[in-house]
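A short write-up of the structure that comes next.
Note that ligands are numbered from 1 as they come in the structure, with each ligand's atoms numbered from 1 the same way. Sequential numbering from 1 along the given sequence is applied to the chain's residues.
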Amino acid sequence: MGGNDVSSDQVIKKLIEMGFEHSNAIEAVKAVGPSVDDAVEYVLNGCGRNPLSGTASFQCSSRDLKSLGKRVMTSSQSKGEIRQSRIWEHFQPTSKPKRSRGNDVSDGVMSGSKVLPSPVEEHKEPILLIDNQFENVAEPSQVCCSEELNIGTNWESKVNGLLRKHFGYSSLKSFQKEALAALLAHEDCLVLAATGSGKSLCFQIPALLTGKVVVVVSPLISLMHDQCLKLSKHGVSACFLGSGQPDSSVEQKAMRGMYSIIYVCPETILRLIKPLQRLAESRGITLFAIDEAHCISKWGHDFRPDYRRLSVLRENFSARNLKFLKYDIPIMALTATATVQVRQDILDSLCMSKKRKTVVTSFFRPNLRFSVKHSRKSVSSYSTDFCQLIDVYARKKKVDGMKQPLVSHESHCPSDSDKVSGSGFNDIQNSDIEESNDESSEKENGSIPSRGRPMSVEYLENEVDVFQSAEDWDVAYGEFSGQVHCEEWNSHGSMETIDPPNKPEERLRLLQEPLEQGPTIIYVPTRKETLSIAKYLCEFGVKAAAYNAALPKSHLRQVHKEFHEDSLQVVVATMAFGMGIDKLNVRRIIHYGWPQSLEAYYQEAGRAGRDGKLADCILYVNLSRMPTLLPSKRSEDQAKRAYKMLSDFFRYGMNTSCCRAKILVEYFGEDFGDKKCLFCDVCVDGPPKMLDLKEEANILMQMIAARYAESSFMDCSYDDSLCSVTERQKFLVKPNLRAFVNKIREQSQKFITTDLLWWKGLARIMEAKGYIREGDDKIHVQIKFPEPTKRGLEFLQSESDKGFHVYPEADMLYSMRKPRAYSSFSDWGKGWANPEIRRQRLDKIRSSNRKPRKPRIRKSRKHFSDTSTSRVRISAKISQKK
Ligand SMILES: Nc1ncnc2c1ncn2[C@@H]1O[C@H](COP(=O)(O)OP(=O)(O)OP(=O)(O)O)[C@@H](O)[C@H]1O
Ligand SMILES: [Mg+2]
């Protein structure tokens with residue numbers, strides 16, 4: 001903390017930069033000495049001001065009158081009563097047309113549905129300007145509002161000056177400039193920019209530039225707290241409001257205009273409409289910023305109902321309803337993770353003006369290296385999965401005699417090839433494969449398969465962290481209640497960021513550099529896993545800690561603190577950790593289990609590599625299981641959306657042929673064209689070899705089409721003589737993919753040992769090509785009740801020799817790694833002579849309650865044998881490659 005060791009002049013300068021008046025600053029320093037903290041405290045608490053008395057007036061002594069400076073004088077000085085003047089009244093000719101004041105100007109202002117008396121009505125005194133009373137007034141208070149305030153054309157250089165002074169950056173990024181330009185033109189603005197790109201500055205700089213207040217709506221207390229703490233270190237007065245605010249006087253001070261930036265959660269802002277209207281009239285509000293704006297949308301991954309009610313901002317802070325405003329107070333919504341649908345929802349929900357601007361930057365994070373790996377995700381797989389991580393942090397220490405692990409992990413160290421894409425799946429074991437046909441993988445709704453535990457409210461409360469209100473996970477660390485600490489920006493090295501390389505050749509060079517050690521965050525779905533993985537890592541000497549909402553707050557604060565101070569190497573956390581975390585040197589984000597959506601994943605992964613250096617984003621999933629929706633209280637509609645998002649993520653995980661960064665950014669509506677990230681596992685390893693799966697696709701299509709034709713016939717036939725009631729009922733039950741696969745296995749020896757997992761992959765590919773579609777009303781993570789499409793029927797009827805060449809997806813590759821007892825039909829025949837194979841087959845047949853049928857020899861035998869051999873060849877190649 002700085003402040004006490006600087007000269008009086010420096011303290012005065014800092015106070016002025018914070019937006020305090022020159023005379024106030026001088027007076028404070030005279031009174032308390034050269035300490036920024038004490039001076040701020042003095043100004044905020046002193047000057048004879050009474051709390052706001054229900055009007056927009058301040059009660060001041062004559063001394064205060066003088067000290068309030070250039071922008072705050074009223075005619076009522078003789079009574080000792082002053083009001084901050086509206087800035088444009090100093091500079092703007094009153095004849096200037098308004099953008100949005102309607103003809104039907106009402107005398108009241110809206111508060112929800114109520115009409116309130118206009119604050120203007122409460123202050124009829126003419127405004128007296130005392131511009132010449134003060135010399136040396138701070139830049140921010142001079143500039144206030146673009147055209148009215150003479151910010152004029154050189155606002156960019158003014159901004160750059162402020163940037164350097166407060167943050168140590170040389171210039172604004174171009175998207176930040178655009179957002180600022182929109183604000184200065186009084187336009188609403190939607191800012192869509194990648195995680196860590198610097199969206200916060202878009203709303204922080206206006207407070208410094210205009211000298212008015214910026215109100216920021218933010219979804220989490222800890223996030224607000226974090227930002228206030230940072231701003232205070234940069235000499236910007238900021239506070240956060242909400243029930244997480246320990247100091248009750250902060251709200252009053254904020255409403256009196258004592259802070260340049262007010263962070264507030266959506267629940268609280270709805271309560272503060274009237275005081276904010278007064279603030280708009282007294283000190284002035286230059287902007288409402290809605291951070292993490294995707295929370296507005298039901299289509300987003302973090303929907304917060306209170307965000308939806310923010311439409312009240314538009315009506316309550318419009319020039320139409322507040323006479324003292326010349327322009328509607330602009331709204332700026334910012335997010336890093338909004339699909340096209342979510343964007344529209346944001347614009348509509350906030351009632352943003354038609355003239356609004358949308359500032360979009362690329363969502364691409366060029367220094368992030370994405371990969372997907374298989375893991376059984378059980379305690380027994382920790383040794384394989386975390387071996388490399390332990391190497392990074394603790395291998396040396398272990399050798400040096402650190403506490404020895406309970407189990408040696410060295411022998412289980414996976415090779416680099418244990419990846420999903422390309423040549424992957426070296427170390428998949430038989431026991432893994434058995435899971436692929438596990439019934440539980442089908443249970444999408446009712447349970448967490450790995451535990452087989454039914455979803456319940458208890459489960460919800462005890463196992464997973466769900467984000468519902470601003471106070472959830474409020475574990476902000478550090479003492480901050482609205483005081484300005486004013487550290488030198490460059491005294492903490494965290495400001496050193498580099499622009500990540502964008503050109504392919506530069507990026508390839510970056511790839512060759514070793515990944516720096518830096519901290520790691522491991523995201524897991526359940527609280528229990530945070531504990532077990534952290535414990536496991538600690539046993540190997542890694543400085544790791546668990547983080548979930550059920551742990552004591554003191555522990556969580558400590559984790560935050562140590563993580564920020566770089567004394568923790570790994571945090572193993574649920575989603576409760578990290579929204580908005582802006583720690584520059586996070587080197588690895590590991591997701592250990594399926595995230596619930598691409599949005600959530602990209603946001604969490606986006607916490608890596610904010611310093612522009614190479615960082616890893618690794619996803620470990622059990623490829624033999626489908627992801628499940630984590631329990632939450634959802635309406636039917638919400639559940640559908642949640643399944644759709646999970647299903648999109650599942651496809652990302654199963655992908656083996658498309659650059660991962662491309663999938664991610666295109667999900668958010670960006671056209672990545674032919675570009676590739678060059679970093680991800682798919683780009684590095686290349687896609688797996690293409691297979692011609694025409695025969696397999698054909699047979700599946702035949703089954704589906706035949707069944708569909710039969711059930712259509714049943715539907716249309718009202719002639720009971722044509723079919724019995726039981727037959728009719730049989731066809732009313734929709735067959736799922738498993739039934740089709742069982743039938744295929746029954747009817748063709750060639751496929752008798754194929755597993756469901758493989759066929760699921762094929763069905764997904766056929767769905768993506770438009771040959772089949774989901775026949776159920778519900779959305780499933782994976783196509784479940786396939787129906788043929790017109791295109792699919794055409795494919796079936798086509799006589800062409802053209803193959804069906806596809807890249808096998810991750811689950812198919814995984815399934816193909818299964819050691820097979822035979823590789824051709826003749827081998828298959830011999831297989832029956834082998835007692836072990838016979839036992840396995842009979843078990844399989846028994847378990848599906850079917851009598852073993854005599855293998856039938858089909859016409860396609862030769863073709864089949866070719867395909868089968870080619871698959872084995874591919875498997876062999878894969879192994880060789882490794
Ligand atoms: N103009 C700039 N010049 C240099 N660095 C900048 C600039 N603007 C922002 N940054 C850097 O970007 C980092 C991230 O900023 P910020 O937290 O605002 O990101 P964000 O876009 O809000 O990310 P998220 O979506 O995760 O909330 C800051 O710590 C800062 O180092
Ligand atoms: Mg942010």
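The closest approach between a heavy atom of Ala194 and any atom of ligand 1 is below 4.0 Å. By the 4.0 Å heavy-atom criterion, Gly606 is excluded from the residues contacting ligand 1. Not close to ligand 1: Ala193, with no non-hydrogen atom less than 4.0 angstrom away.
Near Ala336, the atoms of ligand 1 lying under 4.0 angstrom from a non-hydrogen atom of the residue are 25 (O). Which parts of ligand 1 touch Ser200 is read off a 4.0 Å heavy-atom cut-off, strictly below it: atoms 16 (P), 17 (O), 18 (O), 22 (O).
Residue Ile290 is tested with Ile346, Leu313, Ile269 for a side-chain contact (heavy atoms from CB on, under 4.5 Å); the sole match is Leu313. The one candidate from Arg607, His591, Glu604 that meets the side-chain hydrogen bond (donor to acceptor under 3.5 Å, both in side chains) condition with Tyr523 is Arg607.
Under a cutoff of 6.0 Å and an axis angle of 45°, Arg164 and Tyr169 do not form a cation-pi pair. Under the 6.0 Å distance and 45° angle rule, Lys675 counts as a cation-pi partner of Phe672.
Residue-to-ligand polar distances keep Gln227 apart from ligand 1: every N/O pair is separated by 3.5 Å or more. Between Leu163 and ligand 1, no N or O atom pair is found at a separation short of 3.5 Å. In terms of polar-atom proximity, Leu172 is not counted as a contact of ligand 1, lacking any N or O under 3.5 Å from an N or O of the ligand. In terms of polar-atom proximity, defined here as any N/O pair under 3.5 Å, Gln176 does make such a contact with ligand 1.
Nearest-heavy-atom check against atom 24 (P) of ligand 1 across Arg610, Arg607, Lys173, Glu292 picks out Arg610.
Classified by interplanar angle (parallel below 30°, tilted 30° to 60°, perpendicular above 60°), the ring pair Phe167/His234 is tilted.
Residue Arg309 qualifies as open at atom CZ: its count of foreign heavy atoms under 6.0 Å is 12 or below. Crowding of Lys676 atom NZ: a count of heavy atoms from other residues, nucleotides or ligands under 6.0 Å not exceeding 12.
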